[in-house]
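This report refers to the structure that appears directly beneath it.
So that the names make sense, note that chain A is the first sequence line, chain B the second, and so on, each numbered from 1.
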Number of protein chains: 2
Amino acid sequence: MELDERKLKILQAIIRTYLDTGEPVGSRTISKFSDLKLSSATIRNEMADLEEMGYILQPHTSAGRIPSDKGYRLYVDTMMEAKESEVRNLREELEEKVEKVDDVLKQVAKFLATNTNYATMVSGPKYQSKHVKFIQITSVDEEHLLAVIVLDNNTVRNQMIRVEEIIEPEMLLKLNFILNTTLNGLDVVEMNLALIQQIKEQMETHTQVIDSVLEVIGKTLLENDDPEIYTSGTMNILKYPELADKSKAAEIISAFEEKETFHSWLGLPDRKMSNETHDIQVYIGDENSLASMKDCSMVTATYQIREGVYGKIGIVGPKRMDYDKVVGTLNSLMGQLDDIFKEK
Amino acid sequence: MELDERKLKILQAIIRTYLDTGEPVGSRTISKFSDLKLSSATIRNEMADLEEMGYILQPHTSAGRIPSDKGYRLYVDTMMEAKESEVRNLREELEEKVEKVDDVLKQVAKFLATNTNYATMVSGPKYQSKHVKFIQITSVDEEHLLAVIVLDNNTVRNQMIRVEEIIEPEMLLKLNFILNTTLNGLDVVEMNLALIQQIKEQMETHTQVIDSVLEVIGKTLLENDDPEIYTSGTMNILKYPELADKSKAAEIISAFEEKETFHSWLGLPDRKMSNETHDIQVYIGDENSLASMKDCSMVTATYQIREGVYGKIGIVGPKRMDYDKVVGTLNSLMGQLDDIFKEK
DNA sequence: AATTAGCACTCCATTTAATTGAGTGCTAAC
DNA sequence: GTTAGCACTCAATTAAATGGAGTGCTAATT
């Protein structure tokens, strides 16, 4: 059987209507409210065909039809028209004191949640590479050294080190010099034992202090820097009857609470992302990698702060989410987000 | 009317039974299962009295009685016996790599949630005072200075500063010296304009750089350091029918998502806390400061990391939560937590 | 005077039955 | 190929019937 023009039009009408109402849609509705001038009987015949082809299905005999995942997929791929939704100037929405990237993201999550009425999650930026750019050990007081490590992505880590013996200023200077010349530009994995040995040899005294300093540096670098994940509007899920069922809702919402769950896939862009597109992806039902989201759809977009620094934004709703609006909103918002990050 | 021995016993029996079953309890149940040898008719009379006194109430005629908030309060204040619950050695439960206090707390939240089947929230430690202990400005590369500020509670803040002009090493040394001598020990509020002017005067050149440095320092100090709040087991709320109603649940759980909501009261210990007790408090129904929690009870405890550094742990459940168990568990856990923090 | 058995009454919860109506598939006519 | 027409299906809603837990009150009992 072939999916001709007319069938497509009918399918589209069915999906549009269903997205709108959430109720199974019958032949009569389509016959009346679409521009096709066809009787309900004809529509019925076509519907039977569409069902056979797997694009729609019947919750039960004598009910209207609802789109299947396959139907949604077709819709998203070929029929959707991203609504050029007027996202009110994001920058105006942002509170004054927004300086840190993470604060912006937190607010973006909230903004999207209230605007779309779906649940949102936003991952903080993931810094790809980390090489040591600058290390400095300072003496803060009698018993504390402070190690400050600047990575090449300009993130800063610091760590207090408790020491028993007082270390003289000249020694510190020397240590700093050695550390910087030896470790500069190195990756974490490149900081191997041989290197550490080499450093120790150069410093004759205070081996114990050096030990703990090096240990701290190593740890700090290894420190898992899973990006923060911000969620908002989780409870919006309850607004959609098909998800509000207790066990389902609990599963979905728990996933949102266990943010760690999302680290796996929120981390990286799906593919080589061009600088223009924001790689907006739609996952419908079972296409989600998380089993607990099999009754949801998720739309994700990738933002880029600068070369190699990515993060993701995800919007989760029922499968009958308003894809057009969501994609439109995301599109518009991502553009603005780009601008905001460019300023920084 | 007087609340005599017998009435107390009956009230206790009612509450105990209700905590257990969640169903309104009738006179017959009490007559049968309590050690009082009284007929249901007598119990009924006493119940009528207890209701008149406001300790119990009837959801509707011809239903059993349930405790009122006043009843719960009496129970918690005078009849509860904290179950010496065997909290399996917390330290064993903690994953290996727990070093940071916040990681411990995160796991404590999870631990409590799974063990009690209620929702939990834990606030990170709130550092009371913040005075500058040590400041250092370093040149990281041609266009970046790094300001590191150590506060007297040994927390470290840092901030990159972008500069146009290159600043000579001697200048930096001088700046650091001035900053440290001028600002050391000062509170944020004490960093007023006069002081800033004074610093500027001492440095003749690079006023622009100094400006931005001082600005950054000020901002960094002012930066609201609301403690992190970790939540866990939010979805446990849905396990209790009296809360699982959609609108109620949404309200409560939203409050958990909007963690900021809790900052107000999670910050500080309610009163001068002795070192021994953990200031365990119970808030029943309307006693909660948050309106959205009026159908819940919350049990809070305060932990102390060291002098002046407090945080709170809260357990939220239905009003008929198992107070005995929760308080018992908290008691036991707080002791262990003390030990863990002492090690650090 | 306190306790209890007994009984009529109340009201929610559950079950069962009846009704409605949107929607379908099929057939025969257009 | 399209459509009008009709019998049929089935979830959802409404209505009625039943059951039972629990109460309050009164009169008898201890």
Measure [atom1]/[X] against [atom2]/[N] and give the value in whole Å, please.
| X | N | atom1 | atom2 | result |
| --- | --- | --- | --- | --- |
| A/Arg65 | D/dC10 | CZ | P | 14 Å |
| B/Ile30 | D/dG22 | CD1 | P | 10 Å |
| A/Ile43 | D/dT2 | CD1 | C1' | 11 Å |
| B/Arg44 | D/dG22 | CZ | C1' | 8 Å |
| A/Asp49 | D/dT2 | CG | P | 12 Å |

- Distance-only donor-acceptor check, side chains B/Tyr75 and B/Arg16, under 3.5 Å: yes

- Decide whether B/Ser39 and B/Thr42 meet the rule of one side-chain donor and one side-chain acceptor closer than 3.5 Å. yes

- Query: In terms of the nearest nucleotide of DNA chain D, which residue is placed more toward the 5' end: B/Ala41 or B/Ser62?
  - Reply: B/Ser62

- Item | CG on A/Leu105 to CD1 on A/Ile229, rounded to 0.5 Å | 11.5 Å

- Note on the structure: In the 5' to 3' direction, the nucleotides of DNA chain C bounding the stretch that comes under 4.0 Å of a heavy atom in chain B are C/dT3 to C/dC12

- Picking from B/Glu52, B/Glu51, B/Glu46, what satisfies salt bridge (charged side-chain N to carboxylate O under 4.0 Å, His left out) with B/Lys7? B/Glu46

- Message: Heavy atoms only, 4.0 Å cut-off, all strands: where does B/Ser27 land among base, sugar-phosphate and nothing?
- Response: sugar-phosphate

- Message: I'd like to check the salt bridge (Lys or Arg N to Asp or Glu O under 4.0 Å) partners of B/Asp324; sequence neighbours left out, ordered by chain and number.
- Response: none

- Query: What about A/Thr61: does its side chain form a donor-acceptor pair under 3.5 Å with the base of D/dT9?
  - Reply: no

- Message: If you apply the rule salt bridge (charged side-chain N to carboxylate O under 4.0 Å, His left out), what do you find for A/Glu258 with B/Lys110, and how did you get there?
- Response: CA-CA 10 Å; A/Glu258 284 286 329; B/Lys110 205 176 212 160; 3.6 Å; yes

